[in-house]
Amino acid sequence: MARTRGVSVVRARRGFRWQGVPTLIYKPAGTGFKNIIRRVVLGNREPDLPFQVRYFEIRNGGYSSLERHAHRHAVVIIRGRGKMFLKNKVHDLKPFDAVYIGRNAVHQFHQVGREPFGFLCMVAASRDRPELVSPGMAARLRRRRRAAARFIKI
Ligand code: MN
């Protein structure tokens, strides 16, 4: 990474990695996810940046937490194939599809196929904590939403 005052150039490396950007655990254990990692491409070393650009990658049939929160996500798929539960529907996702996840919209990403499923997610640097969907709320979602019934995982 080239650094001068107030700018960063973060070089791409093979395998959807970036120079100087470590692979992190997705979230603390026990928050309802499987086979997913996180890389903070921009925002950790740019204190003046009011948002972050993170890369998430899901492998081997894994999935992100089923959650909701007040902060918004802007997502751009860059690798593989996936499916997403968003609010009340399941959507197929492929590279360069873009998704806006609005305030308190329940969402979950799943990897499908052989290739890892990777996406960039832009998020405010200062934000509320995600609220996990509880077993009771998941049961209500499953009753109300046919799309959710077999798809969501907690
Ligand atoms: Mn989220």
Side-chain angles (χ1 to χ4, degrees), residues 8 10 12 15-18 21-113 115-154:
S8 302
V10 184
F16 295 81
R17 293 168 187 276
W18 289 265
V21 173
T23 298
L24 304 172
I25 61 160
Y26 166 67
K27 277 185 188 159
T31 53
F33 61 87
K34 184 177 147 188
N35 299 341
I36 174 169
I37 58 89
R38 174 169 63 99
R39 298 180 181 129
V40 181
V41 181
L42 288 170
N44 262 353
R45 293 175 296 188
E46 294 76 18
D48 291 339
L49 186 64
F51 57 88
Q52 293 190 333
V53 178
R54 299 97 46 90
Y55 174 71
F56 293 92
E57 192 173 278
I58 313 178
R59 292 172 176 257
N60 299 323
Y63 46 85
S64 62
S65 299
L66 181 66
E67 64 180 29
R68 62 180 178 177
H69 38 70
H71 65 269
R72 279 71 103 190
H73 289 317
V75 171
V76 179
I77 312 309
I78 61 172
R79 179 180 200 187
R81 292 288 186 277
K83 287 178 181 281
M84 169 188 57
F85 180 76
L86 180 62
K87 195 171 176 182
N88 55 18
K89 287 182 185 162
V90 177
H91 302 269
D92 293 317
L93 295 173
K94 64 181 189 308
F96 309 110
D97 287 344
V99 182
Y100 169 61
I101 300 173
R103 185 181 180 87
N104 289 322
V106 176
H107 55 284
Q108 183 171 53
F109 293 91
H110 292 216
Q111 183 265 350
V112 297
E115 195 187 347
F117 175 53
F119 56 91
L120 296 171
C121 178
M122 280 56 78
V123 71
S126 174
R127 58 187 182 272
D128 62 321
R129 287 189 161 275
E131 177 194 351
L132 295 178
V133 169
S134 66
M137 188 178 157
R140 284 197 296 281
L141 268 176
R142 287 189 174 108
R143 281 198 296 274
R144 282 208 308 263
R145 308 289 185 199
R146 193 180 302 179
R150 278 168 295 154
F151 187 78
I152 57 175
K153 291 189 162 59
I154 61 170

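In listed order, ligands and their atoms are each counted from 1.
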A.B. asks: Ignoring water, what protein N, O or S atoms are under 2.8 Å from the Mn ion (ligand 1)?
C.D. replies: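 Checking every protein N, O and S atom gives Glu67 OE2, His69 NE2, His73 NE2, His107 NE2.
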
A.B. asks: What closest approach, in Å, do His73 and Arg54 show between heavy atoms, and which atom pair accounts for it?
C.D. replies: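 Heavy atoms of His73 and Arg54 come nearest at CE1-NH2, 3.7 Å.
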
A.B. asks: Is the number of heavy atoms from other residues, nucleotides or ligands under 6.0 Å of Arg146 CZ greater than 12?
C.D. replies: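 No, the 6.0 Å shell around CZ holds no more than 12 heavy atoms from other groups.
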
A.B. asks: Tell me every residue that passes side-chain contact (heavy atoms from CB on, under 4.5 Å) with Lys89, counting only those two or more places apart in sequence or in another chain.
C.D. replies: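 In terms of side-chain contact (heavy atoms from CB on, under 4.5 Å), with neighbours along the sequence ignored, Lys89 is linked to His91.
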
A.B. asks: Return each pair, listed once, that meets ring pair (Phe, Tyr, Trp, His ring centres under 6.0 Å) where at least one residue sits in residues 118-154; pairs must be two or more places apart or across chains.
C.D. replies: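 Residue pairs passing ring pair (Phe, Tyr, Trp, His ring centres under 6.0 Å), neighbours aside: Phe56-Phe119, Phe109-Phe119, His110-Phe151, Phe117-Phe119.
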
A.B. asks: Can you name the residues that form a side-chain contact (heavy atoms from CB on, under 4.5 Å) with Arg145, not counting sequence neighbours?
C.D. replies: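 Checked Arg145 against side-chain contact (heavy atoms from CB on, under 4.5 Å); matches are Asn88, Leu141, Ala148.
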
A.B. asks: Using a 4.5 Å cut-off on heavy atoms from C-beta on, say whether the side chain of Ser65 contacts that of Lys27.
C.D. replies: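 A side-chain contact under 4.5 Å exists here.
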
